[in-house]
Every structure is written in C-alpha cells, then in structure tokens.
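By convention here, the first residue in the shown sequence is residue 1. What you see is a predicted model, and the numbers here were worked out from it, not measured in a lab.
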Amino acid sequence: MKAVVFHGVGDIRLDNVADPVVQAPTDALIQLTASAICGTDLHMVRGTMPGMRPGTILGHEGVGIVTEVGADVNNLRPGDRVVIPSTIACGYCSYCRSGYHAQCDNANPNGMRAGTAFFGGPETTGPFHGLQAEYARVPFANIGAVKLPDEIDDDQAILMSDIFPTGYFGAQLAEIHRGDTVVVFGCGPVGQFAIVSAKLLGASRILAVDHVPSRLEAAQAQGAEAIDFNREDPVAAILRLTGGIGADRAIDAVGIDAQKPGATSGGGNGASGGPPLWQPGDGPSQVLQWAVEALDKAGTLAIIGVYPEAHQEFPIGKAMNKNLTLKMGNCNHRAILPELVDLVRAGIVDPSEVLTQREPLTDALSAYQAFDTRQPGWMKVKLEL
C-alpha cells in the first residue's frame, strides 16, 4: 500500500509499504477513505518533537471502512464506516473509565507512566504507524473506532478525528462560563474549533490573536474579534478592549509552533522553509507570555498547543502572583467524540467549514510543503484516498 513515511527530519516520502495485519484480538483493520495533515505532524517533520523512528507512517487523523476485526471486537463488523480518535486508549483502565483516555495505562507499550499513545508519533508514544496510508491497524478498536451515521460525510468526519475534539477540550479546560470573555491564541484549525467550542459553552466575547490574514478572517466570520499581532501588541489590544481588566479565559492553541518575534512566513528553519519556531532553550514561548499577561486576575489558561518534554520554561512567577489557574494536556478524544458526532449530525456545527484543501494522498508531499510554509488560505488539508 502507499503511505507517507518519516525517514528523518525534513525527509518524508510517499512509499510502498506492507499492508497492516491483525496482531491482537482487539485490533481492526481500516481501509482509509480520508486522512489529514495536522500541525502536530509538522512537529515530527521539523524535529521540534524528537524521537521519531525512521520508517514510521505519519498521520493521526483518519476516516474509513472496517475490513477485518479481531475476535474481541464485538461492536464493529466489516463494512462499518468509522472515525478514528487520534489518541489510543484501551477503554477499561481506571483512567479511561474516568474519561482520561489520553493517559490510558495500557495503550502505550512503553509502560503505564509513558504518557499518551497516538498514531504516527515518536517512540515515546508507542510508536504506532499512522493514518496517512491506504490501510491502518487500529488497536483496541472496540473503543478506538467510532461508527458514523450516514448524515455525516468524510469532509465533516475527518475534522472530528482530532482537531474538533481538541478545540472543544481546550474550551473545557478553560472552564468557560456563560458571559466570559475568552482569548484564543492561534487561529489555525484547532484555534478555529476552540472558537466554535467557546461559543457552544456560552462565551459572550471571543478575541482571536494571529497574524495570518486568512486565519483572522475565518475567526471574524465566526464572530470573533480579530487581533493581528504584527499590527499591534496583542496584550495592549486585549487590555484596551476589556477596559483594562483582561480576558477571563485564554486558550493557547499554538504551542511550540509559535513564531519567534520578527519572523515572517517566508523563510526560516522549518523543514520546508517554514517560519523560525521556538525551540527548547529559547525561553517561554511568546504565546505563553502573552496569555499570562492578557488574563485578568484569577483567570484560567488552557494549553492545548503541543510542547515537547524538553521545553521547560514558563512565566510561573507572574502566573502565581495573578492567582491564575493553569490546565493543559493532550485531548481525551474518545471521551468527547460521541457528543460531537451528535452535534454534527443535528446540524448544530458543520466542521467542514474549516476544511480548505482536498488533495489526493499521492500529492501529500507537496501539500505538506504548502502547509508547513503557511501558504495563504491553507487552513486544513484533507488527504483523499
């Protein structure tokens, strides 16, 4: 089968690889009909998330058709159409039963304290072959593949594999209450869904901080108040717009992908010539500094942007002295997905509005390059199979 394979930092290829096979009674094999490129994939390609094993298939977002199930997968059968949660969970340990599927005791073969297991990640996450391929093996498939109703098409479903749940998770972590003023840092795909989710949870005002015009326009189309950090200091703007008080809740939807001050989208140290990014040792990311400064006293900061373990700096003194609440982590996709499926099926949210590009898997490498360099209009890329 064809798959997008990691060979080294800045070196990914469309290879012919062996088809997956059932390895455990809880496995299922899925013929992918859609995958996607995520900002997290760029962490591995750029090397900001180290430890990738050469030969690993990339991608953690997938929709497809069940072709084979193991003996202990009793809720799926060949022919079922499913969406695959990006993080892998057993469904029966104490963490899964409490809704912390991203901290499953059993999914990560590196041990119960090894942290989140997900598709297409570094060795510390499994590793598990990813979903930018024609076929995939899904472990713990009775919990790791969610059946889709006919009313939800692939364009909608692929956005529920990762980024819609992650945006919703960020809004949950931020403890948004009706009437809150919320600032979302980063208006990429996850940031757009953080805006959607903040609205669902009752935020009265949403401020959206970015510098890419198409992303700010998309945020404005949702009713958010756009702040271009290349045109004005975002903290000063947030304070001005809130009467000097600051925002009640902040969501960091950027993570280590934050650009260094003065960077532009045209060049730098990305694997495909992307913008200069924060690296371990550069100090607290600009987003974290802005978020802590822009929050009101006793506000809440939710961090859903990805940071590698080597990134250890945070403006803790200022956060402590403002009585801020900090909440963060990897999304518990499986806990959130069923609710989102119902919202989309009911027509309350149409996630496909965030989808801007549809490319065949055979064009994945050129799509990666355009996405990495933040070409205008490239918000979210679906790979069709």
Side-chain angles (χ1 to χ4, degrees), residues 1-7 12-13 15 17-32 34-38 40-45 49-64 66-70 72-73 76 82-93 95-96 100-146 158 161-162 165-166 306 308-309 330-334 337 361 364 383 385:
M1 68 173 184
K2 292 188 181 301
V4 179
V5 179
F6 177 90
H7 286 268
I12 58 173
R13 307 173 197 173
D15 290 343
V17 300
D19 290 354
V21 296
V22 169
Q23 298 178 18
T26 52
D27 285 353
L29 300 183
I30 310 295
Q31 181 180 1
L32 278 301
S35 186
I37 299 174
C38 179
T40 302
D41 297 323
L42 296 181
H43 295 312
M44 275 73 85
V45 178
M49 183 176 286
M52 283 293 292
R53 179 186 295 174
T56 301
I57 297 171
L58 290 172
H60 55 267
E61 298 168 277
V63 175
V66 176
T67 61
E68 184 179 348
V69 296
D72 286 346
V73 181
L76 298 173
V82 296
V83 58
I84 304 168
S86 296
T87 46
I88 301 168
C90 72
Y92 55 81
C93 71
Y95 285 93
C96 288
Y100 291 101
H101 293 80
Q103 296 300 326
C104 174
D105 272 345
N106 299 309
N108 194 325
N110 293 304
M112 62 189 300
R113 294 184 60 83
T116 307
F118 63 90
F119 294 98
E123 290 202 55
T124 55
T125 68
F128 293 89
H129 282 305
L131 307 178
Q132 291 171 4
E134 294 181 297
Y135 292 88
R137 179 180 74 91
V138 175
F140 305 107
N142 55 323
I143 193 80
V146 177
I158 192 59
S161 180
D162 179 20
T166 299
V306 173
E309 291 185 14
N330 293 322
C331 178
N332 302 304
H333 294 87
R334 186 54 177 78
L337 251 175
L361 180 67
L383 298 176
L385 294 99

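- For the atom pair Cys331 SG and Leu337 CG, the distance stands at 8.0 Å (nearest 0.5 Å).
- The CD atom of Glu61 sits 8.0 Å away from the OG1 atom of Thr40 when rounded to the nearest 0.5 Å.
- By the 4.0 Å N-to-carboxylate-O rule, Arg53 lies close enough to Glu123 to be salt-bridged with it.
- A side-chain donor-acceptor contact under 3.5 Å links Gln132 and Asp41.
- Counting non-hydrogen atoms of other residues, nucleotides and ligands closer than 6.0 Å to CZ of Phe128 gives a total above 12.
- The side-chain heavy atoms of His333 and Thr166, taken from C-beta on, include a pair separated by under 4.5 Å.
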**OP:** Applying side chain to side chain contact (heavy atoms under 4.5 Å, CB included), run through Val45 and Leu58 and close with a yes or a no.
**Re:** CA-CA 9 Å; Val45 178; Leu58 290 172; 4.1 Å; yes
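- Within a 6.0 Å radius of OH in Tyr95, other residues, nucleotides and ligands contribute 12 heavy atoms or fewer.
- Rounding to the nearest 0.5 Å places OG1 of Thr124 at 10.0 Å from CE of Met52.
- Proximity of a side-chain donor or acceptor of Asn332 to a complementary backbone N or O of Ala102 within less than 3.5 Å is detected.
- Of the inter-residue distances, the one linking Asp162 atom CG with Ile84 atom CD1 reads 12.5 Å to the nearest 0.5 angstrom.
- Scanning all heavy atoms of the two residues, the minimum distance from Gly91 to Cys96 falls at N-SG, 3.3 Å.
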**OP:** Using the side chain to side chain contact (heavy atoms under 4.5 Å, CB included) rule, take Leu361 and Ser35 through it: C-alpha gap first, then chi angles, then the decisive distance, then the call.
**Re:** CA-CA 8 Å; Leu361 180 67; Ser35 186; 5.9 Å; no
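- Scanning both residues, Ile37 and Ala364, for their nearest heavy atoms gives CD1-O, 4.1 Å.
- Of the listed residues (Thr26, Val73, Asp27, Asp72), just one forms a side-chain contact (heavy atoms from CB on, under 4.5 Å) with Phe140, and that residue is Thr26.
- With hydrogens and angles ignored, the 3.5 Å screen pairs no side-chain donor or acceptor of His129 with any backbone N or O of Thr56.
- Counting all heavy atoms, side chain and backbone alike, Pro50 lies closest to Pro308 at CD-CB, 4.5 Å.
- At least one donor-acceptor pair under 3.5 Å links the side chain of Ser86 to the backbone N or O of His60.
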Subject >> Val66 vs Val82, side chain to side chain contact (heavy atoms under 4.5 Å, CB included): CA-CA, chis, key distance, verdict >> reply: CA-CA 7 Å; Val66 176; Val82 296; 4.0 Å; yes
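- Residues Leu32 and Gly62 share a closest heavy-atom pair of CD1-CA, 3.8 Å.
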Original post:
Do Tyr92 and Asn106 pass the side chain to side chain contact (heavy atoms under 4.5 Å, CB included) test, and can you show the C-alpha distance, the side-chain angles, and the key distance before you say yes or no?
Top reply: CA-CA 9 Å; Tyr92 55 81; Asn106 299 309; 3.3 Å; yes
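- By the 4.5 Å heavy-atom criterion applied to side chains, Met1 and Pro20 are counted as neighbours.
- Rounding to the nearest 0.5 angstrom, the gap separating the CG atom in Leu385 from the NZ atom in Lys2 is 11.5 Å.
- Although no hydrogens or angles enter the test, the distance criterion places a donor-acceptor pair under 3.5 Å between the side chain of Thr67 and the main chain of Leu29.
- Residues Thr87 and Phe118 approach most closely at CA-CB, 4.1 Å, considering heavy atoms.
- Looking at Asn108, its side chain does come within 3.5 Å of a backbone N or O of Asn110 through a donor-acceptor pair.
- Between the CZ atom in Arg334 and the CD1 atom in Ile88 there is a gap of 14.0 Å [rounded to 0.5 Å].
- In terms of heavy atoms, Val22 sits closest to Gly70 at CG1-CA, 4.4 Å.
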